[in-house]
Amino acid sequence: MNLKKYFIFIPLTLLLISCDNNVPLEIANIVNGFSIEKALLNDTTCSLNYLETHYEYDNDFKEIKVYSNEVEVSFDSSSEENYYYYIKETTNNIKENNVISSEILARYIEVDKYELSTKDSDGLNIETISKLSMQENLTEFYYREASNEMYSGGLYFGDEFKININQYIYMDIIDGYLTYTLEYTQFDKLPFLQKLSYDVDGVGMVKNFYQEIIEFEHNDITTAKPIRKNIFTLTSIYNQKLNKLENL
């Protein structure tokens with residue numbers, strides 16, 4: 001099963017800004033401590049909520065909500081006997097007055113045997129998957145793309161900080177956690193403004209994420225009319241006991 005179909009994290013759009021190399025030591029020490037290995041070993045349970053909301057502007061520039069997609073997730077990757085994940089997705093197409101929901105539940109049954117249940121408008125489907133398939137699906141919550149430089153596409157944001165360490169002027173340390181904050185900025189003269197903020201825990205897993213994008217009719221945003229606004233939020237809690245479901 002491909003989790004990407006059900007659970008898509010939006011890619012980060014960061015500014016390519018030249019900064020000097022005087023990265024504050026405190027920030028450098030935190031960033032150098034991030035690794036996917038630490039994330040996989042330490043953040044083994046998670047519950048999160050992901051929400052994207054889309055608006056259009058009417059003739060009076062009033063925001064009209066037209067679409068939303070919400071995903072609730074919990075997973076446990078701590079051991080073979082504890083392997084578990086649950087995904088609930090709800091899509092609300094307000095323009096078409098249409099709400100669609102689906103659920104996925106995967107849980108341990110016995111050695112090398114896991115039950116995968118999928119429930120949507122077509123009904124309930126139950127199948128058995130192997131330990132390897134279960135492990136691969138769980139790994140996708142941490143990352144979905146890997147290269148020599150970074151792991152990306154999931155909850156692990158540590159390498160985003162490593163690659164963009166030269167943007168330290170947008171980073172801060174709050175309550176011991178590293179944050180990245182970008183106020184409304186036009187990216188590469190494209191017809192949109194972006195606002196972005198997120199923070200990660202000590203191993204580089206994202207705790208909170210907020211991205212707002214306002215699209216304009218052309219790239220001179222001082223005179224252009226706004227067309228759409230898109231807001232993406234994510235909140236994650238790690239290493240707390242999960243209320244695991246037995247069935248859908």
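Heads up: numbering here begins at 1 and tracks the sequence. Any value given below was found using the heavy atoms of this structure, including those in side chains, with hydrogens, waters and symmetry copies removed.
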Given the rule that I, L, V, M, F, W and Y join up when any side-chain heavy atoms are under 4.5 Å apart, are [X] and [Y] in one cluster?
X: Met171; Y: Val23; value: yes
X: Ile173; Y: Leu182; value: yes
X: Ile213; Y: Tyr50; value: yes
X: Leu51; Y: Val73; value: no
X: Val203; Y: Tyr177; value: no

To the nearest 0.5 Å, what is the distance between [atom1] ([X]) and [atom2] ([Y])?
X: Thr128; Y: Met134; atom1: OG1; atom2: CE; answer: 12.0 Å
X: Glu80; Y: Asp112; atom1: CD; atom2: CG; answer: 8.0 Å
X: Asp122; Y: Ser102; atom1: CG; atom2: OG; answer: 10.5 Å
X: Asn22; Y: Asn166; atom1: CG; atom2: CG; answer: 12.0 Å
X: Asn92; Y: Thr53; atom1: CG; atom2: OG1; answer: 10.0 Å
X: Ile174; Y: Thr179; atom1: CD1; atom2: OG1; answer: 4.0 Å

Tabulate below the donor-acceptor pairs under 3.5 Å that side-chain atoms of residues 227-234 make, not counting sequence neighbours, or state none.
{"residue": "Arg228", "atom": "NE", "partner": "Glu215", "partner atom": "OE1", "Å": "3.3"}
{"residue": "Arg228", "atom": "NH2", "partner": "Glu215", "partner atom": "OE1", "Å": "3.1"}
{"residue": "Lys229", "atom": "NZ", "partner": "Glu63", "partner atom": "OE2", "Å": "2.7"}
{"residue": "Lys229", "atom": "NZ", "partner": "Glu212", "partner atom": "OE2", "Å": "3.4"}
{"residue": "Asn230", "atom": "OD1", "partner": "His54", "partner atom": "ND1", "Å": "2.6"}
{"residue": "Asn230", "atom": "ND2", "partner": "Glu215", "partner atom": "OE2", "Å": "2.8"}

Search all heavy atoms of [X] against all heavy atoms of [Y] and return the closest pair with its distance.
X: Arg144; Y: Gly153; answer: NH1-O, 3.0 Å
X: Ile221; Y: Phe216; answer: CG2-CD1, 3.5 Å
X: Ser152; Y: Glu160; answer: CB-OE2, 4.4 Å
X: Thr222; Y: Asp220; answer: OG1-OD1, 2.6 Å

Do [X] and [Y] have side chains that get closer than 4.5 Å, going by heavy atoms?
X: Leu48; Y: Leu155; value: yes
X: Lys195; Y: Glu183; value: yes
X: Tyr85; Y: Leu116; value: yes
X: Tyr198; Y: Gln211; value: no
X: Asn137; Y: Tyr83; value: no

Distance-only criterion, 3.5 Å: show the donor-acceptor pairs between side-chain atoms of residues 32-40 and protein atoms not counting sequence neighbours.
{"residue": "Asn32", "atom": "ND2", "partner": "Ala28", "partner atom": "O", "Å": "3.1"}
{"residue": "Ser35", "atom": "OG", "partner": "Lys38", "partner atom": "N", "Å": "3.0"}
{"residue": "Lys38", "atom": "NZ", "partner": "Gly33", "partner atom": "O", "Å": "3.0"}

Test salt bridge (Lys or Arg N to Asp or Glu O under 4.0 Å) applied to [X] - qualifying residues, sequence neighbours left out:
X: Glu72; value: none
X: Lys95; value: Glu56
X: Glu217; value: none
X: Lys207; value: Asp199

- Step by step, work out the side chain to side chain contact (heavy atoms under 4.5 Å, CB included) result for Thr91 and Tyr67. CA-CA 8 Å; Thr91 301; Tyr67 178 89; 3.2 Å; yes
- If you link I, L, V, M, F, W and Y whenever their side-chain heavy atoms are under 4.5 Å apart, who else ends up in the same group as Ile163?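 Its cluster partners, ordered by chain and number, are Met150.
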- Considering only Ile, Leu, Val, Met, Phe, Trp and Tyr, and joining two whenever side-chain heavy atoms are under 4.5 Å apart, list the other residues clustered with Tyr86.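 Noted: Tyr86 shares its cluster with Tyr84, Leu105, Leu124, Ile126, Leu242, Leu245, Leu248.
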- Task: Could you go through the side chain to side chain contact (heavy atoms under 4.5 Å, CB included) check for Phe161 and Ile27 one step at a time?
- Result: CA-CA 10 Å; Phe161 278 100; Ile27 289 178; over 6 Å; no
- Asp172/Thr181 under side chain to side chain contact (heavy atoms under 4.5 Å, CB included): CA gap, chis, key distance, verdict: CA-CA 8 Å; Asp172 198 3; Thr181 303; over 6 Å; no
Sequence neighbours excluded, which residues qualify as ring-ring contact (aromatic ring centres under 6.0 Å, His included) partners of [X]?
X: Phe75; result: Phe141, Tyr142
X: Tyr143; result: Tyr151
X: Tyr108; result: Tyr114

- Query: Heavy-atom count around Glu81 CD within 6.0 Å, excluding the residue itself: above 12?
  - Reply: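 Counting other residues, nucleotides and ligands, CD of Glu81 exceeds 12 neighbours.
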- Query: Under 6.0 Å from the CG atom of Asn97, do we count more than 12 heavy atoms belonging to anything else shown?
  - Reply: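 Counting other residues, nucleotides and ligands, CG of Asn97 stays at 12 neighbours or fewer.
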- Query: Applying side chain to side chain donor-acceptor pair (under 3.5 Å), which residue pairs with at least one partner in residues 236-248 are found, sequence neighbours left out?
  - Reply: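 Pairs touching residues 236-248 that pass the test: Asp43-Asn239, Asp76-Lys244, Arg107-Glu246.
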- Message: Is the ring pair Phe209/Phe157 parallel, tilted or perpendicular, if the boundaries are 30 and 60 degrees?
- Response: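 The arrangement is perpendicular - the two ring planes meet at more than 60°.
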Keeping the roles fixed (side chain from [X], backbone from [Y]), state whether a donor-acceptor pair exists under 3.5 Å.
X: Asp188; Y: Leu190; value: no
X: Gln186; Y: Asn219; value: yes
X: Asn93; Y: Glu96; value: yes

